[in-house]
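So the structure is just underneath, and the comments pick up after that.
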Number of protein chains: 2
Amino acid sequence: MNLQDQLNHNGLRLTHPRQVVMSVLEAANIPLSPQSIHQRSLEAQEEIGLVSVYRTLDLLTELGLVRRVHGHEECQGYVLASPGHHHHVVCRQCEAAVEFTGMEDVSLLVERIQAQTGFTIDEHLLQFYGLCPACQEEVER
Amino acid sequence: MNLQDQLNHNGLRLTHPRQVVMSVLEAANIPLSPQSIHQRSLEAQEEIGLVSVYRTLDLLTELGLVRRVHGHEECQGYVLASPGHHHHVVCRQCEAAVEFTGMEDVSLLVERIQAQTGFTIDEHLLQFYGLCPACQEEVER
DNA sequence: ATCCTTATTGAAAACGTTTTTCAATAAGGA
DNA sequence: TCCTTATTGAAAAACGTTTTCAATAAGGAT
Ligand SMILES: [Mn+2]
Ligand SMILES: [Mn+2]
Ligand SMILES: [Zn+2]
Ligand SMILES: [Zn+2]
């Protein structure tokens with residue numbers, strides 16, 4: 001099921017702004033703010049409104065096609081998300097954001113925290129920061 | 001070494017706004033935004049400027065006395081932080097934020113992601129969301 | 001206790017981001 | 001091709017944060 005169908009199925013429409021936002025995110029491999037998505041769309045000669053970027057990001061996030069990435073300061077970075085449970089490693093030099101799969105994940109840690117605190121935990125926020133392979137080489141030189 | 005000394009030691013001063021922000025954070029057990037810290041200080045008859053709240057939060061964060069908590073929407077929640085490596089479990093009903101210690105933590109996970117992605121990881125963002133013991137009981141009823 | 005230096009404050013204005021509003025547009029089913 | 005209505009985008013409003021700068025007060029020195 002493609003985006004077209006996924007939208008129409010819910011009474012939604014595949015519009016130009018939505019296509020543009022998707023393609024900007026597909027072209028980038030780093031988290032982009034609403035502003036920079038808008039800027040990149042203009043640079044690509046695709047004139048869409050900033051308001052539509054905001055609305056589209058909300059929608060795509062709702063649909064699980066896009067995920068928000070929290071930087072240290074900036075918390076408005078959006079990246080394309082593959083379906084399923086994922087997290088991101090973000091390069092603190094080039095900002096490259098790479099997904100990694102959950103697997104056994106933090107489940108052991110969750111068990112321990114639940115026992116220690118009495119909380120029931122049903123969700124988590126997990127991100128790693130460091131240097132991507134390319135930026136490591138740069139530093140070595 | 002108390003706050004007074006810790007500040008003076010760096011040529012900084014223990015001022016009224018700084019004391020108020022600290023005491024508001026000490027009184028609350030939930031993450032507070034700059035705005036709500038300001039509001040609570042006014043309610044406590046302690047008239048300080050909103051600008052000072054912002055500046056004080058930056059300073060206290062710098063000193064490691066305060067930590068930022070990322071909610072799903074709101075990413076400007078500040079809580080008092082004990083020294084050392086900690087994370088938070090946040091109740092999604094009453095917003096209570098409880099610290100837990102790192103311990104072996106996510107080190108195994110980090111190892112795996114480093115191997116998988118080639119990144120070198122030196123930092124992480126980790127938070128859990130769920131229900132605190134008190135709010136669990138409420139739900140049961 | 002008083003003085004002096006200067007770190008800090010807070011009101012106001014500037015600023016950047018996000019949301020709301022609403023008439024005009026275009027997506028897509030009929 | 002037509003019709004309904006989901007969606008757009010310009011403009012304005014709302015919002016949160018930062019900058020500016022003269023007035024203030026913290027705290028070391030005398
Ligand atoms: Mn996970
Ligand atoms: Mn940790
Ligand atoms: Zn990199
Ligand atoms: Zn609770």
Side-chain angles (χ1 to χ4, degrees), chain A residues 1-24 31-63 65-66 68-78, chain B residues 1-24 31-63 65-66 68-78:
Chain A
M1 202 196 235
N2 55 23
L3 180 56
Q4 172 85 261
D5 295 340
Q6 189 168 353
L7 289 172
N8 293 352
H9 201 264
N10 296 46
L12 303 169
R13 295 168 185 181
L14 181 53
T15 64
H16 184 233
R18 285 171 186 172
Q19 287 173 315
V20 172
V21 169
M22 275 303 271
S23 79
V24 167
L32 295 178
S33 68
Q35 307 275 350
S36 55
I37 291 172
H38 182 234
Q39 199 172 306
R40 285 179 185 222
S41 79
L42 297 185
E43 285 165 5
Q45 318 292 339
E46 302 287 358
E47 308 244 328
I48 65 176
L50 175 58
V51 198
S52 293
V53 175
Y54 278 100
R55 287 188 285 224
T56 298
L57 286 173
D58 283 350
L59 176 67
L60 294 177
T61 302
E62 195 82 22
L63 295 176
L65 296 173
V66 149
R68 223 172 89 198
V69 168
H70 300 252
H72 293 214
E73 324 293 318
E74 180 65 74
C75 290
Q76 293 292 57
Y78 290 86
Chain B
M1 199 195 236
N2 55 21
L3 181 56
Q4 172 84 262
D5 296 339
Q6 188 167 355
L7 289 172
N8 293 351
H9 200 265
N10 295 45
L12 303 169
R13 297 172 184 177
L14 181 53
T15 64
H16 185 233
R18 286 170 185 170
Q19 287 173 315
V20 172
V21 169
M22 274 305 270
S23 78
V24 167
L32 296 178
S33 67
Q35 309 273 351
S36 56
I37 290 172
H38 183 234
Q39 198 174 306
R40 284 181 186 220
S41 80
L42 297 186
E43 285 164 5
Q45 319 291 342
E46 302 288 355
E47 307 244 329
I48 64 177
L50 175 57
V51 197
S52 293
V53 175
Y54 278 99
R55 287 188 285 225
T56 299
L57 287 174
D58 282 350
L59 176 67
L60 294 177
T61 303
E62 196 82 23
L63 295 177
L65 296 172
V66 147
R68 223 172 90 200
V69 168
H70 300 253
H72 293 218
E73 323 294 319
E74 181 66 75
C75 290
Q76 293 291 60
Y78 290 85

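Hydrogens, waters and symmetry mates are skipped; everything else that's a heavy atom, side chains included, is used.
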Base-pairing assignment for dA27(C) (Watson-Crick or G-U wobble, both under 3.5 Å) = dT4(D)
Can a side chain N or O of Gln35(B) be found less than 4.0 Å away from OP1 or OP2 on dC15(D)?
-> no
Quick one: does Gln35(B)'s side chain get under 4.5 Å of Leu50(B)'s, heavy atoms only?
-> yes
Decide yes or no for Glu46(A) and His16(A): does some side-chain heavy atom of the first lie under 4.5 Å from some side-chain heavy atom of the second?
-> yes
For Arg18(B) and Leu12(B), the nearest pair of non-hydrogen atoms, with its separation, is NH1-CB, 4.2 Å
Listed pairs, N/O of protein and of nucleotides 25-30 of chain D, under 3.5 Å:
unit_1  : atom_1 : unit_2   : atom_2 : d
dA26(D) : N3     : Arg13(B) : NH1    : 3.0
dG27(D) : OP1    : Gln4(B)  : OE1    : 3.0
dG27(D) : OP1    : Asn8(B)  : OD1    : 3.2
dG27(D) : OP1    : Leu14(B) : N      : 2.7

Return the minimal non-hydrogen interatomic distance between Glu47(A) and Leu42(A), and the atom names on each side.
-> CA-CD2, 3.9 Å
State whether the side chain of Arg68(B) and the backbone N or O of Cys75(B) hold a donor-acceptor pair below 3.5 Å, judged by distance alone.
-> yes
Rounding to a whole Å, what distance do you find between His38(B):NE2 and dC15(D):P?
-> 17 Å
Nearest heavy-atom approach of Val20(A) to Ser41(A) is CG1-CB, 3.4 Å
Which residues within residues 47-61 of chain B lie with some heavy atom under 4.0 Å of an atom in DNA chain C?
-> Glu47(B), Ile48(B), Gly49(B), Val51(B), Ser52(B), Arg55(B)
Is His38(B) reaching over with its side chain to a backbone N or O of Gly49(B), donor-acceptor style, under 3.5 angstrom?
-> no
Watson-Crick or G-U counterpart of dA12(C), or none if no pair lies under 3.5 Å | dT19(D)
